[in-house]
Amino acid sequence: MAMSRICLRNCNGIFSSSYSCSSSRSNSSNFECLDDAVTLFRKMGRVGLNSSSSFECLDDAVNLFDQMVRMKPLPSLVDFSKLFSNMISMKHYSAVLSLFREMLTMGIPVDEFILNIVINSYCLMHRADFGFSVLPIYLKNGFPFNTVTFNTLLRGIFAENKVKDAVELFKKLVREKICDPDEIMYATVMNGLSKRGHTQKALSLLRLMEQGNTQPDIYIYNIVIDALCKDGNLDAAINILNEMKQKGIHPDILTYNSLIDGLCKLGQWEKVKTLFSEMVNLNMYPDVHTFNILTDGLCKEGKVEDAEEVIKHMVEKGVEPNVITYNVIMDGYCLRGQLDRARRIFDILIDKGIEPDIFSYNILINGYCKKKKLTKAMQLFREISQKGSKPNIVTYNTILQGLFEVGRIGVAKQLFVEMVSTGPIPNLSIYHTLLDGYFKYGLVEEAMSLFNKLERKTENIDITTYNIIINGLCKNGELNKAHAIFQKLSSIGLLPDVRIYTTMITGFCLQGLLDEAKDMLRKMEGNNCLPDNVTYNVIVQGYLRCRKINEMVTFMKEMTGRGFSFDATTAELLVNAISENPSVVDMLPELHAEIKK
DNA sequence: CTAGGGTTAG
């Protein structure tokens, strides 16, 4: 009953659909829910909720709200805040909004806590714009804005990837002295920036902070250090580490975990050891994250046995491996093609009473797909739903790629239909998989009709989509169509990147149109898009295939001059050309060493 | 009392 009421309340709003997505419908009867709620309510007492309380289902929360609004005198706003917070932790965002509206309608006064929760609900629904529409209510009630309000909004804007808007808002707040940014606000902005690839901007904010009243704390330093580590800029990260130490701010386990992760990814194992002993000497004990980072680093280098040793070590030290530990190991075995071992690990995980999560399944499914064992992969795929979990977008993408790889196009199409009706909303990666798959099997019409549908909404597609289309058309003998699409790119505001140029050059080479390929190479340079290793290999291969050795040599010199080298295909073609006509060698004297390789 | 911040896995 409560469910339907919420839906009714929502039908004026735009959130009814989001609501039905985020709510988990309870199977228990409303009666039971009501009883639960009443019991819960009695337990909490008239004074309000216990902060640790939670509800079985949305109905409990709504019923509790109904009880609360009927009470005389009304429970305090603290109790309403607690109720709403609980609902947010259960992801019932739109239900919070409905109940909030109901409070307003009933003339129940609200406070800034409630308003901030409401703003957060909008933000968590990725509608920060509606969050702003709550601000007038502060003014109407004479509440001053506080940093929490704007932090919530900033976080919401970042969550929608609107980096510029977030930075604008932050600047406005500071410039117009609307609120004084605290450590948390700096952390919010810096985290938003660094998680979206703007490490340098985060770093300059750190410098700005150092000059102001709010001094950076451990959180701030951890954000910046982690961002630098993720960028592989370990020197800079360690410089910041030393800076913070000098200021008397002690690095914590997160600081060390970020640094160790960065060093592992660079394969700098000696430095990893140094940092590891440094943290132990500081009485900071490595936790499950630290060990997972080490395990992952080793697995990515193919050293799964060493990773297994790390696990033995952590168990000896009393740190329990978690699902991620086993996932990392499974992925390590899958990467080496040892599917059976990965499957053992999977069984061990279950034996230990650890629930495999969607990652566990995705890793194994990916392993089976790479081995073209689609039947096994599909079995696991079905098992996810049987176990009461749900395949996510990555699961679908992995399976779809696997199905196309082995040519089971019909099943792939079926699975896509199933996804549209019951699965996650397809994203660009899914469409890329479909387009790529269609082209691979010569289904140009299908690919183009899907592309035309996608193209109607320009925000649906990106430069990679065009790369797939241009590549697919070229591979299917539709060079002219490919070129036409390439030429209209700039008119729709997309700058061709090195990959697109290379695809076009590949297309020309495929048709033996070497002059056109050469023109394209010069054109890209003119457009400030430098050819890379792949571009040069493609063009050299083009000349080699047509046995135009003189021109080939020109490009060969150019590419080696720029520090690029031949890939396996180029080398093979060159060897073939030489064996056919040994005099070719004389034309490239300076490359003897290269050829021998 | 109740609202906002940092780490790991495909």
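As the structure is a computational prediction, the values presented were derived from the model and not from experiment. In what follows, chains carry the letters A, B, and so on, assigned in the order in which the sequence lines appear, proteins first and then strands, with residues in each chain numbered from 1.
Using a 4.0 Å heavy-atom distance criterion, A:N327 is classed as a base contact. Across all strands, A:D331 comes closer than 4.0 Å only to sugar-phosphate atoms, never to a base (heavy-atom distances). Residue A:T147 is in base contact, counting any heavy-atom pair closer than 4.0 Å across all strands shown. Within 4.0 Å of A:D287, counting heavy atoms only, lies no atom of the nucleic acid at all. A:K195 comes within 4.0 angstrom of sugar-phosphate atoms only, judged by non-hydrogen atoms across all strands, and of no base.
Rounded to whole angstrom, the span from the CD1 atom of A:I324 across to the P atom of B:dT8 amounts to 9 Å. Atom CG in A:N191 sits roughly 7 Å away from atom C1' in B:dG6 (whole-Å rounding). For the pair A:M314 CE and B:dA9 P, the interatomic distance rounds to 15 Å; values are reported in whole Å. When rounded to the nearest whole Å, the span between CD1 of A:I88 and P of B:dT2 equals 15 Å. The separation between A:D226 atom CG and B:dT7 atom P is 6 Å, rounded to whole Å. Separating the CG atom of A:N222 from the P atom of B:dT8 is a distance of 11 Å, rounded to the nearest angstrom. As rounded to whole Å, 19 Å separates atom P of B:dG6 from atom CG of A:L203. A:M284 places its CE atom 18 Å from the P atom of B:dT7, with the value rounded to the nearest Å.
A close approach under 4.0 Å does not occur between any side-chain nitrogen or oxygen of A:K300 and OP1 or OP2 of B:dT8. Residue A:R155 places no side-chain N or O under 4.0 Å from the OP1 or OP2 atom of B:dA3. Regarding contacts with the backbone of B:dT8, a side-chain N or O of A:K230 is found under 4.0 angstrom from either OP1 or OP2.
The pair A:E278-A:K271 fails the salt-bridge criterion, with no side-chain N (NZ, NE, NH1 or NH2) lying under 4.0 Å from an Asp/Glu carboxylate O.
With hydrogens and angles left out, the side chain of A:D182 and the base of B:dG4 share a donor-acceptor pair within 3.5 Å. Scanning atom types as modelled, one donor and one acceptor separated by under 3.5 angstrom connect the side chain of A:D252 and the base of B:dG6. For A:T188 against B:dG4, no side-chain N or O and base N or O form a donor-acceptor pair under 3.5 Å. At a cut-off of 3.5 angstrom, counting only N and O atoms as typed in the model, there is no donor on one side facing an acceptor on the other between the side-chain of A:N151 and the base of B:dA3. Below the 3.5 angstrom threshold, one finds a donor paired with an acceptor across the side chain of A:D217 and the base of B:dG5.
Distance from the side chain of A:I218 is smallest to B:dG6 among B:dG5, B:dA3, B:dG6. Distance from the side chain of A:I223 is smallest to B:dG6 among B:dG5, B:dA9, B:dG6. In the set B:dT7, B:dG5, B:dA3, B:dA3 carries the atom at the smallest distance from any side-chain atom of A:N116. Of the candidates B:dG6, B:dA9, B:dA3, B:dA3 carries the atom nearest the A:V148 side chain, counting heavy atoms from C-beta on. You'll find that the side chain of A:Y219 is closest to B:dG5, out of B:dG5, B:dT2, B:dT8.
Closest approach of A:I117 and A:S85 over heavy atoms only: CD1-OG, 3.8 Å. Of all the heavy atoms in A:G131 and A:I119, the pair that sits closest is O-CG1, 3.7 Å. Across every non-hydrogen atom of A:R408 and A:L374, the tightest pair is NH1-CB, 3.7 Å.
Aromatic ring orientation, A:Y396 versus A:F381: perpendicular (interplanar angle above 60°, classes split at 30° and 60°).
The closest side-chain donor-acceptor pair between A:T290 and A:N257 falls under 3.5 angstrom.
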